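Here's the structure we're looking at; comments come further down.
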Amino acid sequence: MPTKNQYGQPIGDPVGPDRVPAAIPRAQAIFGTHCRLERLDPDRHARELHDAHCAAPDSRDWTYTSVGPFPSFESYYDWAVSAAASTDPRHYSVIDNASGRALGTMALARHDPNNGVIEVGYVSFSRSLQATTASTEAQFLLMRHVFDDLRYRRYEWKCDSLNAPSRHTATRLGFTYEGTFRQAVVYKGRNRDTAWFALLDRDWPRVRAAFQEWLDPANFDAQGRQRSRLRIAGTDGGEG
């Protein structure tokens with residue numbers, strides 16, 4: 001039953017007056033077993049990132065992103081310089097620990113520490129990173145940083161409502177679909193209805209436990225193939 005005020009009106013659950021606002025993201029690196037996140041550095045990462053993206057046979061990975069595709073390394077480098085200078089969104093490169101190469105980027109955006117809300121965005125994983133253990137771990141590392149280190153209450157995921165792979169990934173990672181904002185954005189000369197997903201701090205313990213179970217070395221065979229899929233209660237799971 002909802003809490004009621006002195007007038008008998010239903011009101012939101014109380015939030016203690018001693019609650020400390022969440023922290024602004026400042027980490028330069030976040031370390032995992034299969035990958036690490038490093039603050040985007042154009043001089044160190046841009047060439048590897050551009051080369052990784054150029055290995056794809058076409059540009060379909062950029063269809064639902066607000067930037068790209070990039071016709072040349074110089075254009076990608078220029079974007080990386082601009083992105084690296086930003087503090088919100090704060091961009092990270094995903095470094096594959098096995099090869100030591102930067103294979104993708106992601107960011108923490110729309111920082112709202114007073115309300116404890118933050119968003120993951122600008123996720124751009126090359127084909128070499130997609131559908132790998134490292135790609136899933138990268139998402140987990142950023143989630144864990146948001147909830148355990150920075151103490152946010154709400155972690156958001158937004159995407160074009162027509163972007164079926166992104167919607168599936170959000171659900172697989174434990175986010176809950178909350179609705180679609182129609183005609184929310186204009187990008188690349190077209191309309192975007194935006195699908196909203198979120199993960200709350202009260203859901204985080206069970207989501208974290210599912211990730212930790214999936215990432216346990218015992219869940220992978222000698223060739224690095226998963227024995228069991230990532231399964232989070234309330235979601236449909238998916239491939240690693």
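What you are looking at is a predicted structure, and each value in this text was computed from that prediction instead of being measured. Here, residue 1 is the first one in the sequence, and each next residue gets the next number.
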Next item on the list: For residues Ala198 and Glu178, report the shortest heavy-atom separation together with the two atoms involved.
Entry: CB-OE2, 3.5 Å

Item checked: Joint cluster assignment, Phe125 & Leu40, ILVMFWY side-chain distance < 4.5 Å -> no

Item checked: Test: Arg208 cationic atom under 6.0 Å from Phe147 six-membered ring centre, within 45° of axis -> no

Checklist line | Considering all heavy atoms, the nearest Trp157-Ser166 contact | finding: NE1-OG, 3.0 Å

Margin query: Within 45 degrees of the ring normal and closer than 6.0 Å to the centroid, is that where the cationic atom of Arg167 sits relative to Phe197?
Written below: no

Note to self: Do Asp51 and Arg47 make a side-chain contact, defined as non-hydrogen atoms from C-beta onward lying under 4.5 Å apart?
What the structure shows: yes

Note to self: Tell me whether Arg60 at atom CZ has more than 12 heavy atoms from other residues, nucleotides or ligands lying less than 6.0 Å away.
What the structure shows: no

Next item on the list: Dump the intermediate steps for side-chain contact (heavy atoms from CB on, under 4.5 Å) on Trp204 and Asp148, then the final yes or no.
Entry: CA-CA 9 Å; Trp204 172 236; Asp148 292 351; 2.8 Å; yes

Notebook entry, point to check: Does the pair Trp196 and Tyr177 meet the rule for a ring-ring contact (aromatic ring centres under 6.0 Å, His included), with working shown?
Noted result: CA-CA 6 Å; Trp196 283 56; Tyr177 172 67; over 10 Å; no

Notebook entry, point to check: Is there a chain of hydrophobic side chains (I, L, V, M, F, W, Y, each step under 4.5 Å between heavy atoms) that links Val146 to Ile232?
Noted result: yes

Margin query: As an exercise, state the distance from CZ of Arg101 to SG of Cys35, rounded to the nearest 0.5 Å.
Written below: 16.0 Å

Check: Does Tyr152 have Arg154 sitting over its ring (NZ/CZ under 6.0 Å from centre, angle to axis within 45°)?
Finding: no

Checklist line | Other residues, nucleotides, ligands: >12 heavy atoms within 6.0 Å of Glu213 CD | finding: no

Checklist line | Arg110 atom CZ: more than 12 heavy-atom contacts under 6.0 Å | finding: no

Check: Is there side-chain contact between Phe140 and Leu173, with at least one heavy-atom pair below 4.5 Å?
Finding: no

Checklist line | Minimum-distance pair of heavy atoms, taken over all atoms of Pro25 and Ile118 | finding: CG-CD1, 3.7 Å

Checklist line | Within the 6.0 Å centroid threshold, strictly below: Trp79 and His91 | finding: yes

Next item on the list: Could you tell me whether the side chains of Tyr155 and Asp201 share a donor-acceptor contact shorter than 3.5 Å?
Entry: no

Next item on the list: Find the distance between OH (Tyr64) and OG (Ser161) and round it off to the nearest 0.5 Å.
Entry: 9.0 Å

Item checked: Student check: side-chain heavy atoms of Tyr92 and Glu38 closer than 4.5 Å -> no

Item checked: Distance (rounded to the nearest 0.5 Å) between Gln139 CD and Arg172 CZ -> 9.0 Å

Check: Do Ser75 and Asp78 have a side chain donor and acceptor closer than 3.5 Å?
Finding: no

Note to self: Just verifying a value: how many Å separate Ile24 CD1 and Leu150 CG, rounded to the nearest 0.5 Å?
What the structure shows: 9.0 Å

Next item on the list: Mind listing the closest non-hydrogen atom pair of Ala210 and Leu230 along with its distance?
Entry: O-CD1, 3.7 Å

Notebook entry, point to check: Got a sec: does the CZ of Arg151 have more than 12 other heavy atoms crowding it under 6.0 Å?
Noted result: no

Check: Do Val67 and Leu108 belong together in a cluster built from hydrophobic side chains that touch within less than 4.5 Å?
Finding: no

Next item on the list: Would you check, one step at a time, whether the test side-chain hydrogen bond (donor to acceptor under 3.5 Å, both in side chains) holds for Tyr77 with Asp43?
Entry: CA-CA 8 Å; Tyr77 182 84; Asp43 293 329; 2.6 Å; yes

Check: Can you check side-chain contact (heavy atoms from CB on, under 4.5 Å) on Val94 and Met106, steps first, answer last?
Finding: CA-CA 8 Å; Val94 181; Met106 57 198 308; 3.9 Å; yes

Item checked: side-chain hydrogen bond (donor to acceptor under 3.5 Å, both in side chains) between Gln130 and Asp61, intermediate numbers included -> CA-CA 10 Å; Gln130 293 172 20; Asp61 292 339; 3.3 Å; yes

Checklist line | Separation of Thr132 OG1 from Leu103 CG (nearest 0.5 Å) | finding: 8.0 Å

Note to self: When you measure from the side chain of Asn97 to the backbone of Thr33, do you find a donor-acceptor pair of N or O atoms at a distance under 3.5 Å?
What the structure shows: yes

Item checked: hydrophobic_cluster_shared for Ile95 and Val123, side chain cutoff 4.5 Å -> no

Next item on the list: Take Thr180 and Thr194 through the side-chain contact (heavy atoms from CB on, under 4.5 Å) test and state the conclusion after the steps.
Entry: CA-CA 5 Å; Thr180 296; Thr194 299; 6.0 Å; no

Next item on the list: Give the C-alpha distance, both sets of side-chain angles, the deciding distance and a yes or no for ring-ring contact (aromatic ring centres under 6.0 Å, His included) between Trp214 and Phe220.
Entry: CA-CA 9 Å; Trp214 186 81; Phe220 297 89; 5.3 Å; yes

Item checked: Crowding at OH, Tyr122 (>12 non-hydrogen neighbours, <6.0 Å) -> no

Check: Between Asp149 and Arg26, does at least one N-O distance fall below 4.0 Å, as a salt bridge requires?
Finding: no

Notebook entry, point to check: How long is the span from the CZ atom in Arg153 to the CG atom in Asp112, to the nearest 0.5 Å?
Noted result: 10.0 Å

Note to self: Holding to ring pair (Phe, Tyr, Trp, His ring centres under 6.0 Å), I want the full list of residues that pass it with His53, two or more places apart in sequence or in another chain.
What the structure shows: Trp62

Check: Looking only at heavy atoms, which two atoms of His34 and Glu137 are closest? And how far apart?
Finding: N-OE1, 2.7 Å

Notebook entry, point to check: Checking Asp160 side chain against Leu162 main chain: does a donor-acceptor pair fall under 3.5 Å?
Noted result: yes

Notebook entry, point to check: Is the backbone of His45 close enough, under 3.5 Å, to the side chain of Asp41 for a donor and an acceptor to pair up by distance?
Noted result: no

Next item on the list: Search all heavy atoms of Met143 against all heavy atoms of Val207 and return the closest pair with its distance.
Entry: SD-CG1, 4.4 Å

Note to self: When you group the ILVMFWY residues by side-chain heavy-atom contacts below 4.5 Å and let the links chain together, are Phe175 and Leu200 in the same group?
What the structure shows: no

Note to self: Checking the side chain of Glu48 only, and the main-chain atoms of Ala102 only, is there a donor and an acceptor separated by less than 3.5 Å?
What the structure shows: yes

Next item on the list: Check the surroundings of atom CZ in Arg227: do more than 12 heavy atoms from other residues, nucleotides or ligands lie under 6.0 Å from it?
Entry: yes

Next item on the list: Examine distances only and state if a side-chain atom of Lys158 and a backbone atom of Gly121 form a donor-acceptor pair shorter than 3.5 Å.
Entry: no

